[in-house]
Structure formats: structure tokens, C-alpha cells
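The structure under discussion appears below in the form of C-alpha cells.
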Amino acid sequence: MKVEDFIRDIDTAIKKYRRLYKLLDVISITFLVYAILLIVNMEMVFGMFPALEIYSSASISVLGASLTYPKVFLFFLSLAIGLLITFIVHIKSDKRDTIDIVENRYPVLHERLSTAYDNREVDNIIVADLQENVIKDSANVIPAAFFNKKRMYIGLFSLLIAISLLTYVSVSEYRISSTPEDILGSLLPENEDESSDLAVMEGTSDEPENQSSEDLLGEPSVVIVEGKQVDLTLPPGTGMGFTPGEQTNITPGDFLPSYAYETSTISSPIYSEKLPEGYENIIKQYFEKMAGK
């Protein structure tokens with residue numbers, strides 16, 4: 001047997017075991033995710049979208065069993081999640097080289113197996129002796145020695161738990177009381193602080209006005225008009241407003257209110273005033289029009 005034949009046999013066995021581990025992981029994760037999706041009522045997602053609502057009650061027959069479209073969709077979604085998680089879990093182990101695995105498991109072949117394999121095309125006495133010694137030391141190496149029983153037991157135990165959970169959920173139809181709408185509503189942020197934010201914005205918007213009024217009541221402001229300085233300082237209290245309680249309606253005791261009478265149009269006394277010469281008729285016509293409205 002040559003060194004390359006030995007490496008090829010070991011590599012075939014390791015890849016076969018890896019595929020078995022991956023298959024167990026995919027099935028276990030798919031069944032587990034599918035059971036969880038059923039428990040949280042994810043089949044109701046179809047009813048949240050008007051375009052998919054017509055498929056929420058439709059079903060297909062598979063091997064004599066009737067399956068609704070939402071459940072079929074959830075199964076394929078679980079399968080996709082299982083494939084993704086399995087790929088992430090095994091991405092590191094798939095990168096390990098077969099020669100490194102053999103050398104780590106059998107220290108007697110450490111660096112000797114890789115050297116003999118790298119120089120398999122070289123024909124000289126030293127390389128031939130090295131390859132002969134490597135073949136003798138690898139005689140006790142069998143492909144079954146790379147089968148990870150612990151990893152296999154973990155995969156089978158996980159598969160048993162996933163199948164048991166899915167069977168229980170399917171038979172008993174166990175579901176939680178929350179719906180997907182409730183779950184999404186609890187995850188989305190609420191706009192409870194909107195009113196408080198508006199109040200803060202109003203409070204901050206009033207500050208510049210208060211500052212401007214304080215500046216007007218502060219130091220005197222002076223402007224120059226035709227060479228003279230004019231003081232523009234506002235007297236105290238200007239712009240401060242008033243409260244309704246500060247003013248009282250004082251009516252004299254001897255005051256008698258007038259009786260109601262019919263309103264009528266009274267001509268303006270401005271007609272008797274002295275009007276600019278040349279514009280009397282225009283002014284009178286203007287006030288006549290105003291009085292007639």
C-alpha cells in the first residue's frame with residue numbers, strides 16, 4: 001500500500017462519519033425548531049397578511065395525511081434553519097485536514113506522514129525509506145478508529161428529544177395563549193413618551209423668548225437718529241402681561257344703564273368739518289359708500 005492510498009481510505013471514512021453527524025444534527029434541529037414554531041402559534045402568521053390569508057385554511061394530502069399550507073411552510077422554514085445552524089456548527093471541523101487528524105491521533109506518525117505524502121513524487125533512497133517506515137507504522141490504523149461514538153450518542157439523544165417533543169405537540173395540540181401579533185407587539189417600541197417629548201420641546205422653545213424679553217429689560221439700548229442718541233429702554237413691566245385677578249370692574253353706584261333701542265345709521269359728523277379744497281366731493285362720496293354698507 002502506498003501513502004496516498006492510505007490517506008485516501010482514511011479521508012473517505014472521515015467524510016462518511018461527518019455526513020452522518022450532519023444528518024443527525026439537521027434532523028434534530030429541524031424537528032426541534034418546528035415544534036417550537038407550532039407551540040408559539042406561528043401558523044397564524046398567514047392571517048396577518050391579506051395576500052396569504054386565503055392559504056391559511058387550505059391543505060394538501062401527503063401519504064394520506066392532511067397538512068395545511070401554514071404547517072408545510074413552517075416545516076420548510078425549520079429545515080432551512082436546521083441546515084444553517086448545522087453548517088455553522090460544522091464549518092470549523094470541515095476545515096481540518098485528514099493528515100492533521102491522523103497525526104494528532106497517532107503521535108508516532110507526527111510530521112512523518114505529512115512529509116512522506118508531500119514527497120510522494122520524489123524518487124530517492126531517503127524518501128523511499130521514509131515511506132516504507134510510515135506504511136509499517138500505519139498498519140494498525142483503521143478507518144473505524146476515527147468514528148466518534150460520543151458524538152454519535154449525543155446526536156441520537158438530541159434526535160430522540162426532538163421527535164418526542166414534536167410528537168407531543170402534534171398529538172396534544174399544545175399551544176401558548178399568545179399569538180404572533182402579541183409577540184411582535186411586545187417587541188416593537190411604544191410611543192408612550194410622545195406627549196412628554198412635545199412638552200419638553202415646548203419648554204425649550206419658550207426659552208429664547210424669555211431670554212429676549214430679559215434682554216429688552218436689561219441694559220439700555222441706544223440708537224442715533226439725526227445725530228442724537230435716543231434711549232429705547234422699555235419701562236419695567238412692559239410685555240409681562242396681566243392676570244385677570246388684577247383688574248376689577250368698578251361701576252359707580254349712581255350709574256343707570258340705558259335701555260335698549262333700535263340701532264340706526266347715523267351720518268358721520270365729519271361732513272361738517274373743513275375738508276381739503278378740491279376733494280370735498282370725493283371724500284363725501286367715500287363716506288356715503290361706507291355708510292351705505
Side-chain angles (χ1 to χ4, degrees), residues 10-98 100-101 143-191:
I10 299 298
D11 183 67
T12 302
I14 291 177
K15 289 182 178 179
K16 180 176 64 176
Y17 300 147
R18 285 176 178 174
R19 286 193 292 268
L20 181 59
Y21 304 150
K22 291 178 183 178
L23 180 62
L24 289 175
D25 290 344
V26 169
I27 297 176
S28 301
I29 296 174
T30 299
F31 286 174
L32 182 61
V33 173
Y34 183 60
I36 294 175
L37 293 178
L38 291 178
I39 292 175
V40 297
N41 296 312
M42 289 304 294
E43 66 268 20
M44 296 183 181
V45 173
F46 276 62
M48 299 173 58
F49 302 96
L52 301 177
E53 190 174 1
I54 57 176
Y55 299 101
S56 58
S57 59
S59 61
I60 59 175
S61 179
V62 179
L63 299 177
S66 179
L67 299 176
T68 60
Y69 278 103
K71 291 185 177 181
V72 174
F73 170 76
L74 292 181
F75 177 77
F76 283 105
L77 178 62
S78 303
L79 179 60
I81 295 175
L83 291 173
L84 179 61
I85 295 177
T86 303
F87 173 77
I88 295 175
V89 170
H90 291 270
I91 189 173
K92 184 177 180 180
S93 61
D94 290 342
K95 292 183 178 180
R96 295 189 62 186
D97 187 62
T98 302
D100 294 337
I101 296 175
F146 298 93
F147 180 73
N148 192 342
K149 294 182 180 180
K150 181 179 179 180
R151 180 69 181 81
M152 188 68 178
Y153 292 152
I154 293 175
L156 291 175
F157 182 71
S158 301
L159 180 60
L160 179 62
I161 293 177
I163 293 177
S164 301
L165 179 61
L166 180 59
T167 303
Y168 173 76
V169 172
S170 300
V171 174
S172 64
E173 296 185 356
Y174 174 78
R175 302 291 188 274
I176 62 175
S177 58
S178 301
T179 61
E181 295 181 356
D182 299 334
I183 298 175
L184 293 178
S186 61
L187 296 177
L188 295 177
E190 298 181 358
N191 297 327

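FYI, the numbering just counts along the sequence from 1.
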| Taking NZ, NE, NH1 and NH2 as the nitrogens, is one of them in Arg151 or Asp25 under 4.0 Å from a carboxylate oxygen of the other? | yes

| task | Might you confirm whether atom NZ of Lys22 has over 12 heavy atoms from other residues, nucleotides or ligands at distances under 6.0 Å? | result | yes

| field | Side-chain donor or acceptor of Ser78 paired with backbone N/O of Tyr34 under 3.5 Å | value | yes

| request: Determine yes or no for a side-chain-to-main-chain donor-acceptor pair under 3.5 angstrom, with Tyr21 supplying the side chain and His90 the backbone. | output: no

Any chance you could measure [X], atom [atom1], to [Y], atom [atom2], to the nearest 0.5 Å?
{"X": "Leu165", "Y": "Ile39", "atom1": "CG", "atom2": "CD1", "value": "5.0 Å"}
{"X": "Ser158", "Y": "Tyr153", "atom1": "OG", "atom2": "OH", "value": "14.5 Å"}
{"X": "Leu37", "Y": "Leu32", "atom1": "CG", "atom2": "CG", "value": "9.5 Å"}
{"X": "Phe75", "Y": "Leu79", "atom1": "CZ", "atom2": "CG", "value": "6.0 Å"}
{"X": "Lys15", "Y": "Phe146", "atom1": "NZ", "atom2": "CZ", "value": "14.5 Å"}
{"X": "Ile27", "Y": "Leu156", "atom1": "CD1", "atom2": "CG", "value": "10.0 Å"}

| task | May I ask you to decide if the ring planes of Phe147 and Tyr17 are parallel, tilted or perpendicular, using 30° and 60° as cut-offs? | result | perpendicular

| task | For the residue pair Tyr168 and Tyr174, categorise the inter-ring angle as parallel (less than 30°), tilted (30 to 60°) or perpendicular (more than 60°). | result | tilted

State, yes or no, whether a side-chain contact exists between [X] and [Y] at a heavy-atom distance under 4.5 Å.
{"X": "Ile36", "Y": "Met42", "value": "no"}
{"X": "Glu173", "Y": "Leu38", "value": "no"}
{"X": "Glu43", "Y": "Phe73", "value": "no"}

| Nearest non-hydrogen partners of Pro143 and Ala13, listed with the distance | CB-CB, 3.4 Å

